[in-house]
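Have a look at the structure below before the remarks.
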2 protein chains.
Amino acid sequence: MKCSQHTNEISATLKDNGLKVTPGRLGLLDIFKHNKKPLAVKEIAKLYKSIGKIDLVTLYRNVESLAEMGIIKKLRISDKEIHYEIPHSHHHHLVCTSCGKIADLENCEVRLPKTKIPGFSKIKEHSLEFFGLCNTCDK
Amino acid sequence: MKCSQHTNEISATLKDNGLKVTPGRLGLLDIFKHNKKPLAVKEIAKLYKSIGKIDLVTLYRNVESLAEMGIIKKLRISDKEIHYEIPHSHHHHLVCTSCGKIADLENCEVRLPKTKIPGFSKIKEHSLEFFGLCNTCDK
DNA sequence: TGACAAATGCAAGTCATTTGCATTAAGATA
DNA sequence: TATCTTAATGCAAATGACTTGCATTTGTCA
C-alpha cells in the first residue's frame, strides 16, 4: 500500500532525526500530503479539526521541527505569516500582494548559479517568488 | 549636483504618486541611499537618529508607501521582520537561517521565465533568496 | 514493564506591525 | 501671502503571529 509505505518512510525519517513518531506529527504530515500548497499554521489548524484535536502551540513546534529536518519547506511569501508546504515537483510561487492568494508556478526554467559565496559555507535551499496582482484584485 | 538632483527626482516621484514631500520621507530615502542593503524598520529607526527624530509608526507608514510606489523594495527574507532596500544593480540575497545575517549576491545568472500565469494579470517583481548557514553559525 | 527524555497543552509573554484619533503641516487656491 | 483642504505625523492602545515556562503525558528503548 502506497499510503502506509509513505507513513513508514516518514516514521523512519522522524526517527533518524531523533524525533518521536506521534499522532500529532503523523496527522500534520497527512495534511501536507493531501494539500500540496503553501499553508499557514492557522490554515493547518483548521484542516486538523477533521482528523483530530491539536493545540496551536504544538502545531507551531511540529511544523518548525519538520522544517528543520527538511520534510517540509518554510516559505516566507507573506508579510503576515509563515507558510509551509511539502516539497513536490520543483516549483515556485506567485503571490498576490493585495489578497495574499498564492499560485504554484510549475515548469520554471530558472537556472540557479553554482557560485561560491564568501562568508557562507552551507546553502540549504532557495526560494523564488513572484509578486503581483491577481485578476480579481487588479480592477 | 548629483545629490540634489537625486532629491528632486525623488520629490517628483513622490508628487507623481500623490504623496507629499515631507522631511520624514526625504530623510528616509537618504538613509536608503547611503545604506544599500536590506534594512528592517528598527534598523532604519536607529540610523534615523543621526539625521533627526521620527516616530516608529510614521516610519512604518512611510516605508510602506514608498514600497507601494516602487521606490524601495520589500523583502520577505526574515522569519521575524520585513526588510526594505533601495533597488540598486540587480541582485539577490543569501540569508543565514541561524543568525539572520544577510549578504548580497551580485552577478546572479538566473534566467527568469516569461511564462504567462493564468489568474494573474500583473507581475510586479520577484525575489530570489538563498538560505543557509554562514561560516560563523556553521560550527 | 519501567525509566527517561521528548512531546504536549495551557497560560502568559514577546514583539513586529497596525489602528484610531487628535494635531500639524504640505500644497493648492484665492 | 493668508487660507483652506487633506494628507502626514505622533501618541496610546490594540492586534495577531509566534514563543516560552512549566507541569503533565506519552513514545521509545533497555
Side-chain angles (χ1 to χ4, degrees), chain A residues 7-8 10-29 38-46 48-49 51-69 71-72 74-84 97-98 100 102, chain B residues 7-8 10-29 31 38-49 51-69 71-72 74-84 97-98 100 102:
Chain A
T7 301
N8 287 339
I10 293 291
S11 300
T13 314
L14 286 172
K15 282 179 187 166
D16 285 349
N17 286 67
L19 297 182
K20 289 180 180 170
V21 180
T22 63
R25 286 181 178 148
L26 291 176
L28 178 55
L29 285 166
L39 296 171
V41 173
K42 280 279 175 65
E43 298 175 283
I44 297 171
K46 207 170 287 178
Y48 214 106
K49 278 181 188 161
I51 60 172
K53 187 183 268 229
I54 199 166
D55 192 271
L56 244 197
V57 176
T58 304
L59 224 40
Y60 272 107
R61 288 193 269 229
N62 280 343
V63 114
E64 189 57 34
S65 59
L66 294 185
E68 265 168 23
M69 42 194 290
I71 291 184
I72 58 178
K74 182 190 276 194
L75 301 175
R76 301 157 189 85
I77 47 184
S78 157
D79 295 356
K80 304 289 180 196
E81 49 200 352
I82 294 175
H83 289 75
Y84 298 85
T97 52
S98 174
I102 302 167
Chain B
T7 300
N8 286 338
I10 294 291
S11 299
T13 314
L14 287 171
K15 282 178 187 165
D16 286 351
N17 286 67
L19 297 182
K20 289 178 181 171
V21 180
T22 64
R25 287 181 178 149
L26 291 177
L28 178 54
L29 284 165
I31 286 170
L39 296 171
V41 174
K42 281 279 176 65
E43 299 176 283
I44 298 172
K46 208 170 285 178
L47 294 168
Y48 214 107
K49 278 182 188 161
I51 61 172
K53 186 183 269 226
I54 199 165
D55 193 89
L56 241 198
V57 176
T58 304
L59 225 39
Y60 271 106
R61 288 194 268 231
N62 280 342
V63 114
E64 189 58 33
S65 58
L66 294 184
E68 265 169 23
M69 42 193 290
I71 292 185
I72 57 177
K74 182 190 276 194
L75 302 175
R76 301 154 189 87
I77 48 185
S78 159
D79 295 355
K80 304 289 180 194
E81 50 200 352
I82 294 175
H83 289 75
Y84 298 85
T97 53
S98 174
I102 301 167

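Here is how names work: the chains are called A, B, and so on, in the same order as the sequence lines, proteins then strands, and each is numbered from 1.
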Can you check the [X] [atom1] to [N] [atom2] distance for me, whole Å?
| X | N | atom1 | atom2 | value |
| --- | --- | --- | --- | --- |
| A:Arg76 | C:dA16 | CZ | P | 17 Å |
| A:Ile54 | C:dC10 | CD1 | P | 11 Å |
| B:Lys53 | C:dT24 | NZ | C1' | 16 Å |
| B:Met69 | D:dA7 | CE | P | 15 Å |
| B:Asn62 | D:dG10 | CG | P | 9 Å |
| B:Leu66 | D:dA8 | CG | C1' | 13 Å |
| B:Leu14 | D:dA7 | CG | P | 15 Å |
| B:Asp55 | C:dA22 | CG | P | 17 Å |

Using atom types as modelled and distance alone, determine if a side-chain donor or acceptor of [X] lies under 3.5 Å from a backbone N or O of [Y].
| X | Y | value |
| --- | --- | --- |
| A:Arg25 | A:Lys20 | yes |
| A:Tyr48 | A:Gly24 | yes |
| A:Asn17 | A:Leu19 | no |

Roughly how far apart are [X] [atom1] and [Y] [atom2], rounded to 0.5 Å?
| X | Y | atom1 | atom2 | answer |
| --- | --- | --- | --- | --- |
| A:Leu66 | A:Ile72 | CG | CD1 | 5.0 Å |
| B:Leu26 | B:Ile10 | CG | CD1 | 8.5 Å |
| A:Thr97 | B:Lys74 | OG1 | NZ | 8.0 Å |

(message) If you apply the rule side chain to side chain contact (heavy atoms under 4.5 Å, CB included), what do you find for A:Val63 with A:Ile82, and how did you get there?
(response) CA-CA 10 Å; A:Val63 114; A:Ile82 294 175; over 6 Å; no

(message) Just so I know, are the side chains of A:Thr13 and A:Met69 near enough to count as touching, which here means a heavy-atom distance under 4.5 Å?
(response)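 They are in contact (side-chain heavy atoms under 4.5 Å apart), so the answer is yes.
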
(request) Have a look at the helix from C:dT1-D:dA30 to C:dA30-D:dT1 and give the angle its two end axes make, five pairs each, rounded to 10 degrees. (result)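 Roughly 40°, once rounded to the nearest ten degrees.
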
(request) Would you check if there is a donor-acceptor pair between the side chains of B:Glu64 and B:Tyr84 at a distance under 3.5 Å? (result) yes

(message) Can you tell me if A:Thr58 touches the phosphate of C:dG9, counting only side-chain N or O atoms and a distance under 4.0 Å to OP1 or OP2?
(response) yes

(request) Summarise protein proximity over nucleotides 17-30 of chain D in one line of letters, 5' to 3': B for base, S for sugar-phosphate only, - for none, counting protein heavy atoms closer than 4.0 Å. (result) SBBBB-----BS--

